[in-house]
Amino acid sequence: MDLNEVTPAAADTYPRKILEYMEGFLVSKTVFTSCELGVFDVLLSAGRPLSAQEICQAVGASLDGTERLLAACSGLQLLTTHQENGQVLYSNTEQASIYLTRSSPVSLYHSIQYSSRTIYLCWHYLTDAVREGRNQYEKAFGVTSEDLFQALYRSDEEMVKFMQLMNSIWNICGRDVVTAFDLSRFKLICDIGGCSGALAKQCTSAYPECTVKIFDLPKVVRMSREHFVTEADQRISFLEGDFFKDPILEADLYILARILHDWTDERCVELLSKIYRACKPGGGVLLVEALLHEDGSGPLTAQLYSLNMLVQTEGRERTAGQYSTLLAAAGFNNIQYRHTGKIYDAVLGHKEIHERNEKDTGGPQM
């Protein structure tokens, strides 16, 4: 098409959506910075609207910079403005108080900090990731990415940040994914790579008769015991190990939440096959992932997450059909999936109560 011949009838004369996309990172960094400075925390603790002068003093920032930041947060509908004696005052919106303050039980503060200080830096190298087809930890942080979780957990501080991210996510989405199917018949649950224990807590809350054993790396277990899981969580315990290298305990149900999206198809089948062999007959495996539409057309969040997997891991986001194929290759059958209406969805695969003789049939049967 000759662009010189394009008329207003043939094209939008103002590229509003493209401009929004171009400037999307400005919105993200505005939210990141406001959380990092503690703007929403200051307003929550004050219990009344505050002026820019009061807020800048409380967060230790310049007045000019604070005024601009507060104006942007107001434009993003994260703050409400009030006029009093010719002065502009600011207060949190309800969403800001619930999700952007550190003290809230469903706070996204730690998730936002991880996005700002880790994911954002990796995305600086997205072009390289697309060209090379591999993650960019070495360029972003100067650490080798040969061992994915050595890179992810490159320091205790980074590990705690990642675990806090997981906590934030499952505090908001966890109950939906563990109740997408009725899991009450599974009494012993093994949460593979269960990290901070946030999803395990959702399981014990939703299913009072179940116990959950978290299987994760020794240093993750140590951090979880120190920071996240207390003695009050009596139905949650730990097993230390590497799920690729070490034996997996026998259980009724295995949960893999945001695990398979880290890995290639081959490694996924390797892990699922190992779980299948350990699984009790009549048991199952629950996958918790952001599911793509079967034709790849969306949802946008899952499409962007798949790019993030390219930048950060060896894996990708997948469709329910693709996860079903991986589960079937490992021996699981009667595979079902449920959309939760939130970020993460659930896929459930079963192991038959009466298995065929694998020697006679050449392996697990679908």
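Values in this document were obtained by computation on a predicted structure and should not be read as measured data.
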L348 and V178: same hydrophobic cluster, using ILVMFWY side-chain contacts below 4.5 Å? yes
Listed pairs under 3.5 Å, donor-acceptor, residues 122-129 side chains, sequence neighbours left out:
unit_1	atom_1	unit_2	atom_2	d
W123	NE1	N308	OD1	2.7
D128	OD2	K139	NZ	3.2

Side-chain heavy atoms nearer than 4.5 Å, only ILVMFWY residues, links allowed to pass through others: does that put V106 and V31 together? yes
Hydrophobic clusters here meaning ILVMFWY residues chained together by side-chain heavy-atom distances under 4.5 Å, can you tell me if Y99 and W170 are in one? no
Evaluation steps, side chain to side chain contact (heavy atoms under 4.5 Å, CB included), between L287 and L256: CA-CA 5 Å; L287 310 183; L256 291 162; 3.7 Å; yes
Looking only at atom types and distance, does a side-chain atom of R318 sit under 3.5 Å from a main-chain N or O of L326, one as donor and one as acceptor? no
Taking atom CD1 of I275 and atom CD1 of I255, what is their separation to the nearest 0.5 Å? 11.0 Å
Tell me if the OH atom of Y337 is crowded by more than 12 foreign heavy atoms within 6.0 Å. no
Within a reach of under 6.0 Å around CD1 of I18, are more than 12 heavy atoms found that belong to other residues, nucleotides or ligands? no
Side-chain donor/acceptor of S104 to backbone N/O of I98, under 3.5 Å: yes
Between C35 and F40, is any pair of side-chain heavy atoms under 4.5 Å apart? yes
Hey, does the side chain of T33 reach the backbone of T30 with a donor-acceptor pair shorter than 3.5 angstrom? no
Are D295 and S297 linked by a side-chain donor-acceptor pair shorter than 3.5 Å? yes
Is a side-chain donor or acceptor of S115 paired with a backbone partner of S111 at a separation under 3.5 angstrom? yes
Within this structure, what is the CD1-CD distance for the pair I259 and E289, rounded to the nearest 0.5 Å? 8.0 Å
Not counting sequence neighbours, which residues clear salt bridge (Lys or Arg N to Asp or Glu O under 4.0 Å) with D246? List them please. none
Measure the shortest side-chain to side-chain distance between L43 and L50 over non-hydrogen atoms and say whether it is less than 4.5 angstrom. yes
Would you confirm whether Y120, through its side chain, and S28, through its main-chain N or O, come within 3.5 Å as a donor-acceptor pair? no
Run the numbers on I55 and L79 for side chain to side chain contact (heavy atoms under 4.5 Å, CB included), then give the verdict. CA-CA 13 Å; I55 294 169; L79 296 179; 5.9 Å; no
For G296, does its backbone N or O pair with a side-chain atom of Q303 as donor and acceptor, under 3.5 Å? yes
Thinking salt bridges, do R48 and E54 make one under a 4.0 Å N-O criterion? yes
Donor-acceptor under 3.5 Å (T319 side chain, L292 main chain): no
If the condition is side-chain hydrogen bond (donor to acceptor under 3.5 Å, both in side chains), which residues does Y323 pass it with, not counting sequence neighbours? none
Could you pull out all residues at least two apart from E270 that satisfy salt bridge (Lys or Arg N to Asp or Glu O under 4.0 Å)? R267
So D233 and K201, do their side chains get closer than 4.5 Å, heavy atoms only? yes
Count I, L, V, M, F, W, Y as connected when their side-chain heavy atoms are under 4.5 Å apart, and connections chain through other members. Are L69 and V27 then in the same cluster? yes
Given the rule in the side chain to side chain contact (heavy atoms under 4.5 Å, CB included) test, do V220 and M163 qualify, once you have shown the distances and angles that lead to the verdict? CA-CA 8 Å; V220 176; M163 295 172 79; 3.9 Å; yes
D64 and S62: side chain to side chain donor-acceptor pair (under 3.5 Å), yes or no, with the steps? CA-CA 6 Å; D64 180 36; S62 69; 5.8 Å; no
Around atom CZ of R258, are there more than 12 heavy atoms of other residues, nucleotides or ligands at under 6.0 Å? yes
Between CG of L165 and CD of Q113, what distance do you get to the nearest 0.5 Å? 11.5 Å
As a quick check of understanding, evaluate side chain to side chain contact (heavy atoms under 4.5 Å, CB included) for D345 and T340, giving each step before the final call. CA-CA 5 Å; D345 305 304; T340 66; 3.8 Å; yes
Does R338 reach the main-chain N or O of T179 with its side chain, forming a donor-acceptor pair under 3.5 Å? no
In short, side-chain hydrogen bond (donor to acceptor under 3.5 Å, both in side chains) pairs touching residues 70-90 with sequence neighbours left out are H82-S91
Tell me whether K351 forms a cation-pi arrangement with Y276, defined as NZ or CZ under 6.0 Å from the six-membered ring centre and within 45 degrees of its axis. yes
Spacing of H227 atom NE2 and S196 atom OG [to the nearest 0.5 Å]: 11.5 Å
Which heavy atom in E67 sits nearest to a heavy atom in A52, and how many Å separate them? CG-CB, 3.6 Å
Measure from the side-chain N and O atoms of E23 to the backbone N and O of Y21, and report whether any donor-acceptor pair falls under 3.5 Å. no
Between T66 and A61, which heavy-atom pair has the shortest distance, and what is it? OG1-CB, 3.5 Å
E94 atom CD: more than 12 heavy-atom contacts under 6.0 Å: no
G38 and R102 have their tightest heavy-atom pair at CA-NH2, 4.0 Å
Answer whether the closest heavy-atom distance between the side chains of D265 and T325 falls below 4.5 Å. no
I'd like to know if L108 and V160 are part of one continuous hydrophobic network [Ile/Leu/Val/Met/Phe/Trp/Tyr, side-chain heavy atoms within less than 4.5 Å]. no
Of all the heavy-atom pairs spanning S103 and L44, show the shortest one and how long it is. OG-CD2, 3.6 Å
Looking only at heavy atoms, the pair that brings W263 and C268 closest together is O-SG, 3.7 Å
Here the gap from L100 atom CG to S107 atom OG, rounded to the nearest 0.5 Å, amounts to 7.0 Å
Rounded to the nearest 0.5 Å, how far apart are CD1 of I236 and OG1 of T204? 4.5 Å
Residues that D252 engages under side-chain hydrogen bond (donor to acceptor under 3.5 Å, both in side chains), provided they are two or more places apart: none
Nearest heavy atoms of M159 and M223, plus distance in Å: CE-CG, 3.6 Å
For the backbone of C173 and the side chain of K342, can you confirm whether one donor and one acceptor N or O come within less than 3.5 Å of each other? no
